[in-house]
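Since the structure comes first, as structure tokens, the remarks are kept for the end.
Chain identifiers are assigned alphabetically (A, B, ...) following the order of the sequence lines, protein sequences preceding nucleic acid strands; residue numbering begins at 1 within each chain.
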Amino acid sequence: VTGKPKIDAQVLQNLEDILITADFGPTVSEKIIDALKKRVNRGDNQTDRLKVMLKEILIELLPNSSIPSVHVVPYVIVVVGVNGSGKTTTIGKLANYYRNLNKSVLVAAGDTFRAAAIDQLEVWAKRANVNFLSTNEGADPASVAHDAVFSAISKKYDVVLIDTAGRLQAKKNLMAELEKVIRVIKKVLPNAPHEVLLVLDGTTGQNALSQVDIFGKHSGVTGLVVTKLDGTAKGGFVFAIREKFDLPIQWIGTGEKITDLEPFDPKAFVDAVLD
Amino acid sequence: QLTNRLESFFKKLKGSGRLTEEQVRETLREVKKILLEADVSLSVVRDFILRIEQKAVGQEVIASVSPGHQIIKIIHDELVVLLGGDYRTLKLSGTPAVVMVCGLQGSGKTTFCAKLALWLKERKRFPLLVAADVYRPAAIEQLVVLGEKISVPVFTGDRKNPLKIAQECIDAARERSSDVVIVDTAGRLAIDNQMMTELEKIKSILSPSDILYVADAMTGQDAVNTASEFAKRINFHGVVLTKMDGDARGGAALSIRHVTGKPLQFIGTGEKVDALEPFHPDRMAKRILG
Ligand SMILES: Nc1nc2c(ncn2[C@@H]2O[C@H](COP(=O)(O)OP(=O)(O)OP(=O)(O)O)[C@@H](O)[C@H]2O)c(=O)[nH]1
Ligand SMILES: Nc1nc2c(ncn2[C@@H]2O[C@H](COP(=O)(O)OP(=O)(O)OP(=O)(O)O)[C@@H](O)[C@H]2O)c(=O)[nH]1
Ligand SMILES: [Mg+2]
Ligand SMILES: [Mg+2]
């Protein structure tokens, strides 16, 4: 007797539902379940075995974790993303991470717009025990970025972390402002910024794709951070993102404390989605 | 967008007497995908599709309209009914009236508190903002700065204990002759038992006439989980959907409304303190359908 065994349609539907409710999106979920159907062999039609195979498929779709090394000094990281996604908090965590690697770190308050944004970042800089650069509220964010990189070069900082104001990607003028920040950094230091991290809120749905697309076009995103994965959201949009963009996922945010930052681990991420 | 997607569909569906089960089901298969892409939660999509099936099958086909377009009209109208329904304005009862604002981290609560204060001030009320988020760095300062911008007083109390701040803010309102108190709380996870218990305690101290759950319009499938947990533990009165000036489809609006039964009352349409509008079900329905 040859041929593929019939898989219980309900079992497959249940697995597809898990992907959909994890924010994979309906099209990506369907594609992954089709891939699972193609892989199934005799004796594979048990739910547990199917789950194992599904995990393998998902892990294969994800990039390996890869925190880039600080290979040039000063190493300039710009953090971007939509309002409230967790940029400022993530910078606090990153500053702490690099400080613990014995790097000299400068944190720059590039959000000159939102109420108390500068104060908020200053608290984080103090907690991470790193240096802080700011100007007055309402100043041009590009000038803060300029001063930060200039200061980093002259004072020989290892790492510069530049915060930016939250902005919705649909706002053309705000995306133009971000382009200018990147351009000004390039002028001061030709190969900078060395990283542009797009911070994605883990509770986001399919809009995450538009964020990666448009922030990518206007600021040259080099890597992703997914925050708030300590809640019930699964962040499955990363699979939809992987389909269209080859971007590494550097970090995940797992809470509001300075230590709540973990390097992205594809296996742990997939386990969290399916278990 | 919806009509573009379904145009090819409509060519196949030929009008004749009554909408058949097959015509409706085929259309709904496509609508299911559209709603999921718009971030409506799966369980809500399934309930919604069932309702449409019941309404659409056997309906008289309107002579001048294609069956597909007719089904779309049924869908749009049903969405408007679900999103709207029992409209609720702010109750604002009590002297002073108390509004408590809550939700997940970063959803836009602090900004909304300032927007609501300005809104009420423009309607001849005397609001007092209360900074009960003692956790987030510079959260109190954020509300103080916003209060200064709109010339609304901000009560900060001991800046340490949210329960004490809640206890003292009512007297503070009376001392200043404020007739509405708007209490900003820290963002918190629905599954964080300690923080949800704190919120329950703040609620019992304040006895607010209006508890508003502030949610981000770009929230995905998780909207049902967090909203239902907040509804279960806090029993909020209404919902605010923020960041509606973005391009997120906002399916979370339907998810939250359907799973909690609470009305959608306001939308945030920008970062500025005047960017607040009442919720419009028909506009939201069109946005979700794309
Ligand atoms: N639970 C949890 N909360 C987080 C995480 N990351 C950030 N937050 C919280 O999310 C909220 C927003 O964080 P911010 O760092 O202010 O976000 P932002 O992107 O800088 O916001 P804007 O500058 O206003 O655009 C704060 O309450 C943070 O404590 C995370 O990984 N888990
Ligand atoms: N574009 C836009 N931005 C908004 C809107 N509402 C709030 N924001 C922005 O979203 C970000 C988060 O707003 P907050 O008011 O700090 O959010 P929060 O819920 O108080 O955050 P936590 O206290 O950390 O939980 C800020 O950058 C706000 O300016 C809105 O309707 N549209
Ligand atoms: Mg910030
Ligand atoms: Mg707040």
Verdict with supporting geometry, B:E271 and A:R167, side chain to side chain contact (heavy atoms under 4.5 Å, CB included): CA-CA 9 Å; B:E271 294 192 71; A:R167 68 202 67 223; 5.5 Å; no
If one checks every heavy atom of A:F113 against chain B at 4.5 Å, the contacting part turns out to be side chain
Side chain from CB out, backbone as N, CA, C, O: work out which of these in B:T219 comes under 4.5 Å of a heavy atom of chain A, or both, or neither. both
Which atoms of A:E122 are under 4.5 Å from chain B, going by heavy atoms: the side chain, the backbone, both sets, or neither? neither
Distance col, row B:L189:CG vs A:D230:CG, nearest 0.5 angstrom, shows 5.0 Å
In this structure, CD1 of A:I214 is separated from CG of B:D247 (nearest 0.5 Å) by 5.5 Å
Mind checking whether B:Q221 and A:K234 have side chains closer than 4.5 Å, heavy atoms only? no
Would you compute the distance between atom CG of B:L104 and atom NZ of A:K228 and round it to the nearest 0.5 angstrom? 8.0 Å
Rounded to the nearest 0.5 angstrom, the CZ-CG distance for B:R46 and A:D17 is 4.0 Å
Is there side-chain contact between A:L168 and B:M218, with at least one heavy-atom pair below 4.5 Å? yes
Out of A:G86, A:G231, A:G202, A:G236, which one racks up the most heavy-atom pairs below 4.5 Å with chain B? A:G231
Assess the side chains of B:Q105 and A:E256: does a donor N or O sit below 3.5 Å from an acceptor N or O? yes
Salt bridge (charged side-chain N to carboxylate O under 4.0 Å, His left out) with A:D271: which residues, sequence neighbours excluded? A:K55, A:K267
Tell me, yes or no, whether the heavy-atom count around B:R283 atom CZ, taken from other residues, nucleotides or ligands under 6.0 Å, exceeds 12. no
Proximal to chain B - members of residues 203-210 of chain A, heavy-atom separation under 4.5 Å: A:T203, A:T204, A:G205, A:Q206, A:N207, A:S210
Tell me the residues of residues 21-29 of chain A whose non-hydrogen atoms fall below 4.5 Å from those of chain B, in number order. A:T21, A:D23, A:P26, A:T27
Heavy atoms only: give me the nearest A:A115-B:V145 pair and the separation to one decimal. CB-CG1, 3.7 Å
Atom CD1 in A:I20, atom OG in B:S41: separation rounded to 0.5 Å? 11.5 Å
Let's test your reading of the structure: which of A:G92, A:A170, A:A240 forms the most heavy-atom pairs below 4.5 Å with chain B? A:A170
With a 4.5 angstrom heavy-atom cut-off, is it the side chain or the backbone of B:L36 that approaches chain A, or both, or neither? both
Ionic contact status for A:K171 with B:D245, cut-off 4.0 Å: yes
Restricting to non-hydrogen atoms, name the atom on B:A138 and the atom on A:A116 that form the minimum distance, rounded to 0.1 Å. O-CB, 3.8 Å
Please list, chain by chain and in numerical order, all residues satisfying salt bridge (charged side-chain N to carboxylate O under 4.0 Å, His left out) with A:K257, sequence neighbours excluded. A:D260
